[in-house]
Visitor: 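What follows is a structure written as C-alpha cells; I'll ask about it next.
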Protein chains: 2
Amino acid sequence: MDRGARSRDAILDTAGDLMARHGFAATSISMISTACGLPVSSIYWHFRSKDGIYVAVLERARTALLAALPPAEVPGADVAQRLDTFLAELEGAFQRHPRGVKLLLGLGMVQQDASTAAVAEVRHYRDALVDWARESVSSVFALGERPQVADEMARFTLRMVSGTAVARWFEPQTVLETGPLRVALLGLAAHHGVTVGGAPGEGAPPAAS
Amino acid sequence: MDRGARSRDAILDTAGDLMARHGFAATSISMISTACGLPVSSIYWHFRSKDGIYVAVLERARTALLAALPPAEVPGADVAQRLDTFLAELEGAFQRHPRGVKLLLGLGMVQQDASTAAVAEVRHYRDALVDWARESVSSVFALGERPQVADEMARFTLRMVSGTAVARWFEPQTVLETGPLRVALLGLAAHHGVTVGGAPGEGAPPAAS
DNA sequence: GTCTATAGCGGGATAGAC
DNA sequence: GTCTATCCCGCTATAGAC
C-alpha cells in the first residue's frame with residue numbers, strides 16, 4: 001500500500017472516531033488534522049470537502065459493520081438453535097462495533113443540513129441494516145411465507161438495538177440484553193401463530209388474535 | 001406576562017426547535033436570532049452563553065415531557081387493563097412530543113463537548129424518564145416485590161421507545177408500535193412468572209426458567 | 001501527495017446608546 | 001430589555017512551492 005492510501009486511511013480513521021464522539025458539525029477539519037498529524041490541505045486533497053469526508057466515513061462504517069454482521073442465512077436445526085446463534089452474533093457485533101451504529105445514528109440526525117450525497121449514503125447504510133435484519137429474522141423463524149410478520153419482528157429487533165445504542169452513550173458499559181429480546185421475539189412469533197418447534201420454556205403457541 | 005418573559009419564551013421555542021432539528025453544534029446564535037426576530041444581544045442578555053440556552057432548552061423539554069406523561073400510578077382493575085392504558089398514553093405522549101425525546105437523544109450525544117451544567121441537565125432529564133418508566137411498569141404489573149423484574153421491563157420499554165424515536169428521524173411518520181410491545185411485555189412478565197390475571201390471548205404463564 | 005500560508009466568511013460574545 | 005456596531009477567533013477552503 002502506497003503512502004497516499006495509508007494517509008487516506010489514517011484520515012478516515014481519525015475522522016470516524018471524532019465524528020462518532022462529537023457529531024459531524026462539532027468535528028472540524030483542523031481537529032482531524034491535529035489528531036492524525038496530516039496537514040489540512042492533504043485532507044482536502046483526498047476528500048474534496050468536509051461533506052466528502054462525511055460520505056467516505058459513512059461508507060466505510062457501513063462496509064465494516066455489514067462485513068462483521070452474521071450472514072442473513074442463519075444456520076441451525078430448529079428455531080431455538082437459530083435464534084440463539086443469531087442473538088449471540090448480533091450481540092457480538094454490537095459489542096465490537098460501537099462506532100458503526102453511533103455514526104449512523106449521530107450522523108443520521110443531521111440529515112437536514114447534509115448534502116444530497118451524504119443523505120443518500122445515510123439511507124443506504126440504514127437500508128442495508130433493515131434488509132439484513134429482515135432476512136435474518138425471516139431465516140431464524142422460517143418466515144418465507146409471512147413477510148409481514150418478518151417485517152414486524154425485524155423492526156422490533158432493530159429498534160431494540162438502536163435503543164440500546166442510545167442507552168450506551170449515556171452509560172458506555174451498556175450491553176445488548178439478548179435474554180429479554182429472545183423472550184420477546186419468541187412471544188411475538190407465538191402470538192402470530194408461527195411454529196416454534198421445540199423451543200423450551202415458552203409454552204405452546206396460543207391461538208393468534 | 002411582561003415583554004421580557006415573552007421574549008425569553010420565544011427564544012427558547014425557536015432554539016428548541018432548531019436544536020432538535022439540526023443538533024446543538026449546528027445551531028448558531030444568529031440562526032436563532034433570525035428565526036425568532038430578536039437581536040443577538042437580547043439572546044445573550046437572557047441566557048449568558050450558548051450553553052445557557054442549551055441548558056434552558058433541555059430543562060424546558062424535560063418539564064414539558066414529564067408533565068405530558070401519564071402518572072406513574074396507572075389506574076385499572078387488572079394487568080391487561082392497566083397495560084392498555086399505559087401503552088395508549090405512552091403512544092400519545094410519543095406522538096405529541098416529538099421534540100422532547102429527540103432533544104434528549106441529539107443533545108445527549110454531544111455530552112463530550114458540553115459544559116458541566118449541560119451534562120448534568122441531560123442526565124437529570126434521562127434519569128427522570130428512567131424513574132418514571134420503572135414506576136409505571138411496576139404499577140402496571142404490580143411488581144412492588146420484584147424490583148429487578150420491574151427494572152428489566154422498564155429498560156426494555158425505554159429502549160423500544162428510544163429505538164422508535166431513532167427510526168422516526170429517518171421516517172417521520174413512524175409511530176410507536178404498541179401491539180408488539182404489548183405482546184413482548186406480557187411475554188416477559190410470563191417468563192418471570194408474574195401473575196397476569198385474566199390477560200386474554202397469551203395463555204397461562206409457563207414455569208419461570 | 002504533502003507542505004506553508006492565507007483568503008474570506010461566519011461563529012460566539014461584548015460595548016454602549018437608547 | 002432591546003438595539004447597532006464591532007471584536008476576535010476558528011472555520012472551510014484554496015494557492016502554489018516542493
Side-chain angles (χ1 to χ4, degrees), chain A residues 1-19 21-58 106-107 110 112-119 121, chain B residues 1-19 21-58 60 106-107 110-119 121:
Chain A
M1 193 189 323
D2 57 353
R3 193 160 55 126
R6 253 189 292 117
S7 294
R8 204 190 126 95
D9 269 17
I11 295 168
L12 278 180
D13 277 345
T14 343
D17 182 48
L18 290 172
M19 286 181 177
R21 276 163 42 202
H22 307 284
F24 173 74
T27 303
S28 73
I29 308 281
S30 47
M31 281 168 67
I32 302 173
S33 164
T34 310
C36 76
L38 287 161
V40 175
S41 51
S42 286
I43 299 179
Y44 276 98
W45 188 88
H46 284 285
F47 313 91
R48 299 176 50 92
S49 66
K50 196 185 172 184
D51 249 54
I53 309 178
Y54 182 22
V55 173
V57 162
L58 274 176
L107 302 185
V110 289
Q112 311 218 358
D113 315 282
S115 71
T116 318
V119 171
E121 181 54 42
Chain B
M1 192 194 311
D2 56 354
R3 192 159 58 125
R6 254 188 292 118
S7 295
R8 204 190 125 96
D9 269 18
I11 296 168
L12 243 39
D13 277 345
T14 346
D17 182 47
L18 290 172
M19 287 181 177
R21 276 163 41 201
H22 308 285
F24 173 73
T27 303
S28 73
I29 308 281
S30 46
M31 280 168 66
I32 302 174
S33 164
T34 310
C36 76
L38 288 161
V40 175
S41 51
S42 286
I43 299 179
Y44 278 97
W45 188 89
H46 284 286
F47 315 91
R48 298 177 50 91
S49 66
K50 196 184 172 183
D51 248 49
I53 308 178
Y54 183 20
V55 174
V57 163
L58 274 175
R60 191 187 220 220
L107 302 184
V110 288
Q111 281 179 82
Q112 310 217 359
D113 316 281
S115 72
T116 319
V119 172
E121 180 56 40

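Residue numbers start from 1 in every chain, and the chains themselves are labelled A, B, ... in the order their sequence lines are given, proteins ahead of strands. The model shown is predicted, which means the values in this text are computed figures rather than measured ones.
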Visitor: Roughly, in whole Å, what's the span from CD1 in I32(B) to C1' in dA13(C)?
Guide: 13 Å
Visitor: Report yes if a side-chain nitrogen or oxygen of S28(A) is closer than 4.0 Å to either non-bridging phosphate oxygen (OP1 or OP2) of dG10(D); otherwise report no.
Guide: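 It does not, given that no N or O in the side chain of S28(A) lies less than 4.0 Å from OP1 or OP2 of dG10(D).
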Visitor: Tell me the interatomic distance from F24(A), atom CZ, to dC11(D), atom C1', rounded to whole angstroms.
Guide: 12 Å
Visitor: Does a side-chain heavy-atom distance below 4.5 Å link L12(A) with F47(A)?
Guide: yes
Visitor: H46(B) NE2 to dG1(D) P: how many Å, rounded?
Guide: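 Answer to the nearest Å: 7 Å.
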Visitor: Measure CH2/W45(A) against P/dT4(C) and give the value in whole Å, please.
Guide: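 For the pair W45(A) CH2 and dT4(C) P, the rounded distance is 18 Å.
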Visitor: What is the nucleic acid contact for S33(A), judged by heavy atoms within less than 4.0 Å: base, sugar-phosphate only, or nothing?
Guide: nothing
Visitor: How long is the line joining CG of L38(B) and P of dT4(D), in whole Å?
Guide: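 That distance rounds to 11 Å.
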Visitor: In whole Å, I'd like the distance from the CZ atom of F47(A) to the P atom of dA13(D).
Guide: 14 Å
Visitor: Among dG1(D), dT12(D), dG12(C), find the nucleotide with the atom closest to the side chain of I29(B).
Guide: dG12(C)
Visitor: Taking only the side-chain heavy atoms of S42(A) (C-beta and beyond), determine which of dA13(D), dT2(C), dC11(D) contains the nearest atom.
Guide: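 That would be dT2(C).
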Visitor: Return the nearest nucleotide to the side chain of D2(A); candidates are dT2(D), dT12(D), dG1(C).
Guide: dG1(C)
Visitor: Give a yes/no answer on whether the side chain of S30(B) brings an N or O atom under 4.0 Å of OP1 or OP2 in dG10(C).
Guide: no
Visitor: Measuring from the side chain of P39(A) (C-beta onward, heavy atoms only), which nucleotide among dT14(D), dC3(C), dG12(C) has the closest atom?
Guide: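 For P39(A), the side-chain atoms sit closest to dC3(C).
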Visitor: As a test of reading the structure: which of dT2(C), dA13(C), dA13(D) is closest to the side chain of Y44(B), going by heavy atoms?
Guide: dA13(C)
Visitor: To the nearest angstrom, how far is I43(B) atom CD1 from dT4(D) atom C1'?
Guide: 15 Å
Visitor: Please test M19(B) against I53(B) for side chain to side chain contact (heavy atoms under 4.5 Å, CB included), starting from the C-alpha separation and ending with a verdict.
Guide: CA-CA 10 Å; M19(B) 287 181 177; I53(B) 308 178; 4.2 Å; yes
Visitor: Could you tell me how far apart H22(A) (NE2) and dC11(D) (C1') are, to the nearest whole angstrom?
Guide: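 Value for this atom pair: 16 Å.
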Visitor: Should K50(A) and F24(A) count as side-chain neighbours, where that means a heavy-atom distance under 4.5 Å?
Guide: yes
Visitor: When rounded to the nearest 0.5 angstrom, what distance separates CZ in R48(A) from CD1 in I43(A)?
Guide: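 These two atoms lie 16.0 Å from each other.
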Visitor: Nearest to the K50(A) side chain among dT2(C), dT12(D), dG12(C), which nucleotide is it?
Guide: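 Output: dT12(D).
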Visitor: Between dT4(C), dG12(C), dG1(C), spot the one nearest the side chain of S41(A), thanks.
Guide: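 Side chain of S41(A) sits closest to dT4(C).
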Visitor: Does some side-chain heavy atom of Y44(A) sit less than 4.5 Å from a side-chain heavy atom of I29(A)?
Guide: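 Sidechains of Y44(A) and I29(A): in contact.
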